[in-house]
Amino acid sequence: MANPVAKLENADTPKGLVLAVTAYVLWGFLPLYMKAMAHIGPVEIVAHRIIWSVPVAGLLLVALGRTGDLKAALRNPRMLGMACLTAALISVNWAIYVWAIASGHALDAALGYYINPLFSIALGAILLREPLTRTQLVAVGLAALGVLVLVVEAGRLPWAAIGLMFSWGFYAFFKRSLPIGPNQGFLLEVLILLVPALAYVTWLGAQGAGHFGGSGTDTVLLAGAGIVTAVPLLVYANGAKLVRLSTMGILQYIAPTMIFVTAITLFGEQIDRGRMIAFPLIWAALVVYTVPMIRQVRGQA
């Protein structure tokens with residue numbers, strides 16, 4: 001007899017789709033917040049994202065009454081080791097992203113997140129044996145063609161984009177298999193990173209180079225970084241458990257599209273011929289993939 005739980009874990013649920021889309025839309029607006037802190041070093045921003053995410057995630061866990069799970073995880077060496085890996089991956093991803101936005105490379109950040117869904121789909125198909133339909137293969141082919149155009153036209157290897165692809169792709173993969181609830185998992189990750197983050201911020205303060213506590217605007221922005229970091233990531237973590245990895249991969253096109261539009265309309269970054277060709281190809285891939293998926297969800301409802 002088939003295991004209904006296993007069947008559910010390899011399917012797209014309506015709740016999971018809503019949570020995933022919400023997370024990516026929130027991330028799509030994140031460059032506006034990060035651009036306001038462009039004068040602050042990326043490592044300092046990441047440190048404050050970690051520090052101020054702890055109370056946000058902690059209060060949520062207390063409200064849900066799931067602190068016991070976190071205590072058990074802290075006593076489990078295997079789970080703690082996996083959480084250290086995901087914590088390292090997400091911190092690297094944050095640092096690359098903050099640098100790209102602040103230094104005028106938001107389009108490279110968009111490129112990284114355009115490539116990443118292909119990487120996630122490949123991981124799902126190869127490591128989790130998630131089957132791809134013919135329609136999904138067409139969508140992946142269109143997106144791959146769009147990304148190839150971007151890389152060829154740039155004439156160089158986009159290291160920021162590749163770094164974002166690998167760090168986020170593997171984070172999503174390992175996060176899915178982390179044997180703990182998504183909310184507990186995120187709090188565990190930021191707790192692991194809390195000590196080095198506090199140490200770095202304290203060192204900056206002692207050197208007189210820190211921005212927290214200086215101007216009121218910088219202080220508010222750095223403290224608020226916890227909210228803009230924790231909320232979408234917690235929403236994402238809950239959604240990732242309820243949809244297939246390949247579906248999460250294709251939905252990730254929402255955020256880079258929003259970043260792309262923000263980069264050229266608000267940040268003044270230039271759009272070249274390659275992006276003029278690739279952008280429609282990638283949106284076509286999104287339409288080809290999502291229409292059958294929406295029909296499937298309606299059928300399940």
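The first residue of the sequence shown is numbered 1, and numbering continues consecutively from there. Not measured: the values here are computed from a predicted model. Any value given below was found using the heavy atoms of this structure, including those in side chains, with hydrogens, waters and symmetry copies removed.
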Are Val18 and Ile254 joined in one hydrophobic group, where the rule is that I, L, V, M, F, W and Y side chains link up if heavy atoms are under 4.5 Å apart? no
The remaining residues in the hydrophobic cluster of Ile277, counting side-chain heavy-atom contacts under 4.5 Å among Ile, Leu, Val, Met, Phe, Trp and Tyr, are Val138, Leu142, Leu145, Val149, Leu281, Val288
Nearest heavy-atom contact between Ala88 and Ser91 is O-OG, 2.8 Å
List the residues meeting salt bridge (Lys or Arg N to Asp or Glu O under 4.0 Å) with Arg273, not counting sequence neighbours, and say none if there are none. Glu153
Note, Leu111 side chain near Leu164 side chain (heavy atom, < 4.5 Å): no
Find the distance between CG (Asp218) and CE (Met37) and round it off to the nearest 0.5 Å. 9.0 Å
Rounded to the nearest 0.5 Å, what separates atom CD1 in Ile40 from atom CG in Leu204? 10.5 Å
Once rounded to the nearest 0.5 Å, what's the spacing between atom CG of Leu221 and atom CE of Met34? 9.5 Å
What is the minimum heavy-atom distance between Ile51 and Pro55, and which atoms define it? O-CD, 3.3 Å
Within the structure provided, determine whether Ile50 and Val46 are in side-chain contact (heavy-atom separation under 4.5 Å). yes
Donor-acceptor contacts, no H, no angles, side chain residues 181-198, under 3.5 Å, sequence neighbours left out:
from	atom 1	to	atom 2	distance (Å)
Asn183	OD1	Asn238	ND2	2.9
Gln184	NE2	Asp69	OD2	2.8
Glu189	OE1	Tyr171	OH	3.1
Glu189	OE2	Thr86	OG1	2.8
Glu189	OE2	Lys175	NZ	3.2

Sub-3.5 Å donor-acceptor pair from the side chain of Lys35 to the main-chain atoms of Ile101, do we have one? yes
Work out which heavy atom in Ile259 is nearest to a heavy atom in Pro31; give both atom names and the distance. CG1-CG, 3.7 Å
Under the ring-ring contact (aromatic ring centres under 6.0 Å, His included) criterion, do Phe173 and Trp168 qualify, and how do the steps go? CA-CA 9 Å; Phe173 177 77; Trp168 184 258; over 10 Å; no
If you apply the rule side-chain contact (heavy atoms from CB on, under 4.5 Å), what do you find for Leu30 with Leu26, and how did you get there? CA-CA 7 Å; Leu30 188 58; Leu26 291 174; over 6 Å; no
Trp52: partners by side-chain hydrogen bond (donor to acceptor under 3.5 Å, both in side chains), with sequence neighbours left out: His48
My understanding is that only residues two or more places apart in sequence, or in another chain, count here; which of them pass side-chain contact (heavy atoms from CB on, under 4.5 Å) with Leu148? Val152
Evaluate ring-ring contact (aromatic ring centres under 6.0 Å, His included) for Trp27 paired with Tyr24, printing each intermediate quantity in order. CA-CA 5 Å; Trp27 274 321; Tyr24 288 124; 5.6 Å; yes
Apply side-chain contact (heavy atoms from CB on, under 4.5 Å) to Thr219 and list each qualifying residue two or more places apart in sequence or on a separate chain. Phe212
same_hphob_cluster(Val98, Val43) at 4.5 Å side-chain heavy-atom cutoff: no
When every non-hydrogen atom of Ala57 is compared with those of Leu234, the smallest separation belongs to CA-CD1, 4.4 Å
Shortest non-hydrogen separation from Pro42 to Ala95 and the atoms involved: CB-O, 4.1 Å
Okay, side chain of Thr229, backbone of Ser53: is any donor-acceptor separation there less than 3.5 Å? no
What do you reckon, is CZ of Phe29 surrounded by more than 12 foreign heavy atoms closer than 6.0 Å? no
Across all chains, not counting sequence neighbours, the side-chain contact (heavy atoms from CB on, under 4.5 Å) partners of Thr265 are Val261
Those residues that, when tested against Asn93, pass side-chain hydrogen bond (donor to acceptor under 3.5 Å, both in side chains) (two or more places apart): Tyr113, Ser167
side-chain hydrogen bond (donor to acceptor under 3.5 Å, both in side chains) partners of Thr262, counting only residues at least two apart: none
Pairwise side-chain contact, Tyr236 with Leu19, heavy-atom cut-off 4.5 Å (strictly under): no
Determine whether Leu59 and Leu70 fall in the same hydrophobic cluster, where Ile, Leu, Val, Met, Phe, Trp and Tyr are linked whenever their side-chain heavy atoms lie under 4.5 Å apart. no
Trp99 reachable from Tyr33 in the ILVMFWY side-chain graph, under 4.5 Å edges: no
Is the shortest side-chain heavy-atom distance between Leu233 and Trp94 below 4.5 Å? yes
If a pair satisfies side chain to side chain donor-acceptor pair (under 3.5 Å) and one of its residues is in residues 192-212, list it, with sequence neighbours excluded. Glu44-His211
As an exercise, state the distance from CD1 of Ile162 to CG of Asp108, rounded to the nearest 0.5 Å. 10.5 Å
Who are the side-chain hydrogen bond (donor to acceptor under 3.5 Å, both in side chains) partners of Glu269, not counting sequence neighbours? none
Heavy-atom nearest pair, Ala263 first then Ala106, reads CB-CB, 3.7 Å
From Asp272 atom CG to Gln270 atom CD, the distance as rounded to the nearest 0.5 Å: 9.5 Å
From His39 NE2 over to Ser215 OG, what is the distance, rounded to the nearest 0.5 angstrom? 6.0 Å
Pairing residues for Val220 by the side-chain contact (heavy atoms from CB on, under 4.5 Å) criterion, not counting sequence neighbours: none
